[in-house]
There are 2 protein chains.
Amino acid sequence: MSSPPPLQSAKATNHPLHEQIRASIERKILTGALKPGDRIPFEHELMESFDCSRMTVSKALAGLVSKGLVVRRRRAGSFVAHPPSASTLLDVPDIQADIQGRGLDYAYQLLSRRLRAPLASRREECELAKGGQLLDLTCLHVAGGTPFAYESRLISLETVPDARMADFSVSPPGTWLLDHVPWSQAQHRISAAASDARLSKLLDVSIGAPCLVLERTTWHGNRPVTQVRQTFPGERHAFLGAFSHT
Amino acid sequence: MSSPPPLQSAKATNHPLHEQIRASIERKILTGALKPGDRIPFEHELMESFDCSRMTVSKALAGLVSKGLVVRRRRAGSFVAHPPSASTLLDVPDIQADIQGRGLDYAYQLLSRRLRAPLASRREECELAKGGQLLDLTCLHVAGGTPFAYESRLISLETVPDARMADFSVSPPGTWLLDHVPWSQAQHRISAAASDARLSKLLDVSIGAPCLVLERTTWHGNRPVTQVRQTFPGERHAFLGAFSHT
DNA sequence: GAGTGGTCTAGACCACTTG
DNA sequence: AAGTGGTCTAGACCACTCA
């Protein structure tokens with residue numbers, strides 16, 4: 001005889017089981033324990049681990065898919081997704097991919113590279129450094145021969161020690177970071193500013209010309225990764241986004 | 001005797017059933033057949049309508065919840081969600097709510113109001129009008145005594161005939177539209193421009209000062225609703241957004 | 001107190017990919 | 001060919017909430 005319905009034994013917390021499973025996997029992804037491309041245990045393995053039915057596991061994974069953290073392929077399994085490299089207003093844009101996506105030649109120029117401590121007077125630099133050092137970079141992105149954006153970036157070597165050895169004279173730091181930091185959250189700020197003398201020379205615009213300024217801080221899990229300020233000639237560039245109330 | 005497993009009778013399309021159900025309800029919401037606050041049939045009603053199990057109906061509704069189109073309340077039922085009025089970079093922002101949310105006084109001034117046909121030379125105006133007339137408005141938003149944004153807006157009277165009678169001398173058209181058009185999609189464009197003489201006077205900035213320009217076209221279902229261009233003093237304003245790869 | 005949605009199960013068949 | 005995820009069922013208990 002079959003025992004009566006299992007009675008949902010040991011519902012330790014008040015969170016539903018599928019959320020616990022989702023959170024458990026999500027944590028592993030966000031902390032980097034599971035990196036992009038890594039395989040996630042099969043459904044039947046998770047069924048055993050969490051002692052639940054397949055539908056429950058499936059619901060948990062479906063949540064991760066809808067967040068874009070996981071991709072699932074029949075017969076192959078489930079894997080941690082690669083961060084999208086496409087550029088929209090919402091994503092962390094990769095300027096190189098963006099320019100090449102428009103069919104333009106991309107060129108890049110490293111203007112300066114400096115290893116330094118955070119300025120004690122700048123609170124956000126200290127938070128970024130987290131006690132370590134900062135890599136301070138400035139560079140120029142060029143699209144089809146025309147200056148596209150000036151970029152000033154700080155990278156926290158405490159969070160991304162590998163950046164110290166990376167060769168940013170060839171490929172831009174943004175692209176490198178997208179490839180080497182598994183997942184991120186970002187805080188954006190878009191404003192407008194007038195071009196000063198130095199910027200005007202770099203971007204080939206007149207002094208005082210309106211520019212779009214994008215400032216972004218990026219985290220990996222709860223560790224700060226990088227802080228970047230990109231300046232675009234305002235009449236040559238725009239941010240696009242198609243949104244539904246979704 | 002019970003018949004053998006129902007064999008998924010009549011799988012007309014190759015879309016899964018839960019997606020068909022979701023699409024069916026989503027369509028009703030996007031076309032306005034179901035308006036915000038309207039009740040969605042109970043799960044057991046949908047089970048009968050679509051002749052399927054409750055889990056399948058539940059999956060369909062869960063999809064709509066995750067899109068923010070539907071809210072569900074125990075014992076009460078499922079309802080079409082009200083569009084969010086909060087303002088982020090992704091949403092359709094309501095300037096009035098935005099300013100008041102910062103604890104500043106909000107003032108509003110209607111500068112002009114004109115009923116007119118679309119200019120045949122401007123393709124986007126003709127698409128917006130869809131054969132009807134346009135309401136052409138310009139106005140100024142003021143926050144705490146300081147000019148905040150200049151707005152130039154076109155409303156398609158073909159899609160929103162009620163706008164003809166609305167009193168935009170009191171409340172701004174953006175707020176009115178958010179309250180009267182049930183759901184929308186939007187296309188945004190953010191750029192920077194220099195302030196001209198007229199704008200400088202209105203916004204109280206110097207001529208040539210950098211300004212943030214937000215252009216947005218909004219649709220209700222597949223009908224164009226409105227097209228707006230808002231200009232912000234660039235050093236006084238910024239667009240913020242916190243994003244995760246979600 | 002009754003009915004809603006929230007969650008879960010233990011099966012099943014199917015479609016797809018390649019382990 | 002085998003094994004994965006995708007979908008679906010016909011039940012069940014529960015928590016919540018509102019008439």
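Throughout, a chain's letter reflects where its sequence line sits, starting with A, and its residues are numbered from 1. No hydrogens, no waters, no symmetry mates; every other heavy atom, side chains included, goes into these values.
Each salt bridge (charged side-chain N to carboxylate O under 4.0 Å, His left out) pair with one or both residues in residues 154-171 of chain B, not counting sequence neighbours, would appear here, but there are none. Among residues at least two apart or in separate chains, salt bridge (charged side-chain N to carboxylate O under 4.0 Å, His left out) pairs with a member in residues 14-34 of chain B are B/R22-B/E26, B/E26-B/K67.
Within the structure, every side-chain polar atom (N or O) of A/T56 is placed at least 4.0 Å from both OP1 and OP2 of C/dT7. Residue B/K59 places at least one side-chain N or O closer than 4.0 Å to OP1 or OP2 of D/dT7.
Qualifying side-chain contact (heavy atoms from CB on, under 4.5 Å) partners for B/D105, counting only residues two or more places apart in sequence or in other chains: none. With sequence neighbours excluded, the residues satisfying side-chain hydrogen bond (donor to acceptor under 3.5 Å, both in side chains) with B/S78 are B/R72. Partners of A/R73 by side-chain hydrogen bond (donor to acceptor under 3.5 Å, both in side chains), not counting sequence neighbours: none found. Applying the side-chain hydrogen bond (donor to acceptor under 3.5 Å, both in side chains) test to B/E124 and every residue at least two apart in sequence or in another chain returns B/R122. B/W219 is linked by a ring pair (Phe, Tyr, Trp, His ring centres under 6.0 Å) to nothing, counting only residues two or more places apart in sequence or in another chain. In this structure, B/A62 has no side-chain contact (heavy atoms from CB on, under 4.5 Å) partners at least two apart in sequence or on a different chain. For the ring pair (Phe, Tyr, Trp, His ring centres under 6.0 Å) test, no residue two or more places apart in sequence or in another chain qualifies with B/F50.
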Kindly give the atom pairs (protein nitrogen or oxygen, nucleotide nitrogen or oxygen) under 3.5 Å for nucleotides 17-19 of chain D.
none

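Atom CE in A/M55 sits roughly 14 Å away from atom C1' in D/dG11 (whole-Å rounding). We find that CG of B/L61 is positioned 10 Å from C1' of C/dG5, with the value rounded to whole Å.
Taking the C1' atoms of five terminal pairs at each end of the helix from C/dG1-D/dC18 to C/dT18-D/dA1, the two resulting helix axes are inclined by 10°, rounded to 10°.
The stretch residues 42-50 of chain A touches DNA chain D through A/F42, A/E43, A/H44, each having a heavy atom within less than 4.0 Å of the strand.
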